[in-house]
Amino acid sequence: MNLQDFIRDIPDFPKPGILFKDITPLLSNHKALIHCADQLADFCPTDIKIDKVIGIESRGFIIGGMIAERLGAGFIPVRKKGKLPYTVNSQTYGLEYGEDTLEIHVDAITPGEHILIHDDVLATGGTAEAVCKLVEESGGVVVQCNFIMQLDFLKGQEKLKAPVASLLNY
Ligand code: AMP
């Protein structure tokens, strides 16, 4: 199965000059969805037990949850500012388009836990880098950052210390 067939390019969304990679065709196809989650779970290191998977709001929640189920791990939502109900740690970071703040509950990670970070797209890497910092602040260890796809020309991987895995490269 070629997952690339299920990624739709939307030019100039959400701003002129951005080629938005729309994963909704992948999400709406049962076989593609299962294949994507299976592959990403298979890419995880087998010598380290992942304790928790972080999904980054909002598209990272869907397949992040499916990976957590496959790995027998818990799931942690990292959300945009003001969405989480309990006490949070925050990080502000630059995006391919604009600036944003991400938050995690202060008790989401127990120090020493092994964490997998998942999102749909790695672009400039600012988002994933901010989430790595949130994990480190909580005393967690980032084992891998994994993505459905990586926009290689934006060199996001260079910002990340942890190993990176993606199913598609553009
Ligand atoms: P970045 O911090 O630049 O790596 O951006 C990653 C975040 O922005 C991810 O949560 C993506 O969902 C989203 N994103 C950035 N660029 C794109 C793009 N070209 N298409 C779809 N989503 C994108």
Side-chain angles (χ1 to χ4, degrees), residues 2-29 32-33 35-37 39-41 43-44 50 52-68 75-84 88-105 108-109 115-138 140 142-170:
N2 190 356
L3 285 181
Q4 206 158 337
D5 297 342
F6 298 91
I7 307 295
R8 176 166 53 192
D9 284 351
I10 313 281
D12 300 320
F13 182 87
K15 288 187 177 173
I18 302 291
L19 183 64
F20 190 84
K21 297 290 190 183
D22 176 20
I23 62 164
T24 60
L26 186 156
L27 298 178
S28 69
N29 182 286
L33 182 62
H35 182 69
C36 181
Q39 291 273 105
L40 283 171
F43 276 9
C44 294
I50 303 288
K52 287 170 184 163
V53 176
I54 287 181
I56 306 177
E57 182 168 0
S58 58
R59 290 182 294 278
F61 290 172
I62 305 155
I63 288 170
M66 295 172 76
I67 297 170
F75 178 80
I76 301 171
V78 163
R79 299 205 64 184
K80 306 265 169 70
K81 190 177 172 63
K83 299 281 189 182
L84 287 170
V88 294
N89 286 326
S90 309
Q91 280 285 335
T92 298
Y93 62 101
L95 277 176
E96 189 184 1
Y97 37 87
E99 193 184 79
D100 227 330
T101 298
L102 285 175
E103 297 183 334
I104 190 169
H105 275 153
I109 295 173
I115 307 296
L116 178 85
I117 296 172
H118 169 76
D119 202 1
D120 62 338
V121 176
L122 175 65
T124 65
T127 306
E129 184 186 30
V131 177
C132 288
K133 286 183 185 161
L134 289 173
V135 172
E136 284 160 18
E137 263 179 22
S138 302
V142 181
V143 173
Q144 187 187 75
C145 299
N146 84 28
F147 305 90
I148 302 172
M149 75 199 91
Q150 190 171 334
L151 308 182
D152 291 331
F153 57 95
L154 292 172
K155 303 189 190 312
Q157 190 165 348
E158 292 176 8
K159 284 210 180 87
L160 306 177
K161 284 181 276 175
V164 171
S166 9
L167 299 180
L168 301 169
N169 294 74
Y170 291 93

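Being a predicted model, the structure only gives us computed values, none of them experimental. Both counts, for ligands and for their atoms, begin at 1 and track the order of listing.
- Short contacts between ligand 1 and Leu151, defined as distances under 4.0 Å to a heavy atom of the residue, involve ligand atoms 19 (N).
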> Do Lys161 and Glu136 pass the salt bridge (Lys or Arg N to Asp or Glu O under 4.0 Å) test, and can you show the C-alpha distance, the side-chain angles, and the key distance before you say yes or no?
Replying inline: CA-CA 12 Å; Lys161 284 181 276 175; Glu136 284 160 18; 3.7 Å; yes

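- The shortest N or O to N or O distance between Tyr93 and ligand 1 is not below 3.5 Å.
- Between the side chain of Lys52 and the main chain of Ala108, a donor-acceptor pair closer than 3.5 Å is present.
- Contact record, Ala128 with Phe147: CB-CZ, 3.9 Å, taken as the closest heavy-atom pair.
- Within the set Leu122, Leu160, Thr127, the minimum heavy-atom distance to atom 2 (O) of ligand 1 is found for Thr127.
- Within the listing of ligand 1, atoms 18 (C), 20 (N), 21 (C) sit less than 4.0 angstrom from a heavy atom of Lys21.
- Heavy atoms only, all atoms of each residue included: Ser90 and Glu103 are closest at OG-OE2, 3.2 Å.
- For a threshold of 3.5 Å applied to N or O pairs, the pair formed by Ala123 and ligand 1 contains at least one separation below that value.
- Contact between Leu160 and Gly125 at its shortest, heavy atoms only, is CD2-O, 4.1 Å.
- Every atom of ligand 1 is numbered from 1 in the order shown, and the set under 4.0 Å from a heavy atom of Arg59 is 11 (C), 12 (O), 13 (C), 22 (N).
- Residue contacts with ligand 1, taken as heavy atom pairs separated by less than 4.0 Å, involve Thr124 via backbone and side-chain atoms alike.
- Assignment of Gly125 to the shell around ligand 1 is supported, since a heavy atom sits closer than 4.0 Å.
- Here's the thing with Leu19: one of its N/O atoms is less than 3.5 angstrom from an N/O atom of ligand 1.
- The shortest non-hydrogen separation linking Phe20 to Phe13 is CB-O, 3.2 Å.
- At least one heavy atom of Asp119 lies less than 4.0 angstrom from ligand 1.
- Nearest heavy-atom pair across Ile109 and Gly140 is CG2-CA, 3.8 Å.
- Applying the side chain to side chain contact (heavy atoms under 4.5 Å, CB included) test between Asp22 and each of Asp9, Ile10, Ile7 identifies Ile10 as the sole match.
- Residue Gly126 approaches ligand 1 through these ligand atoms, each under 4.0 Å from one of its heavy atoms: 2 (O), 4 (O).
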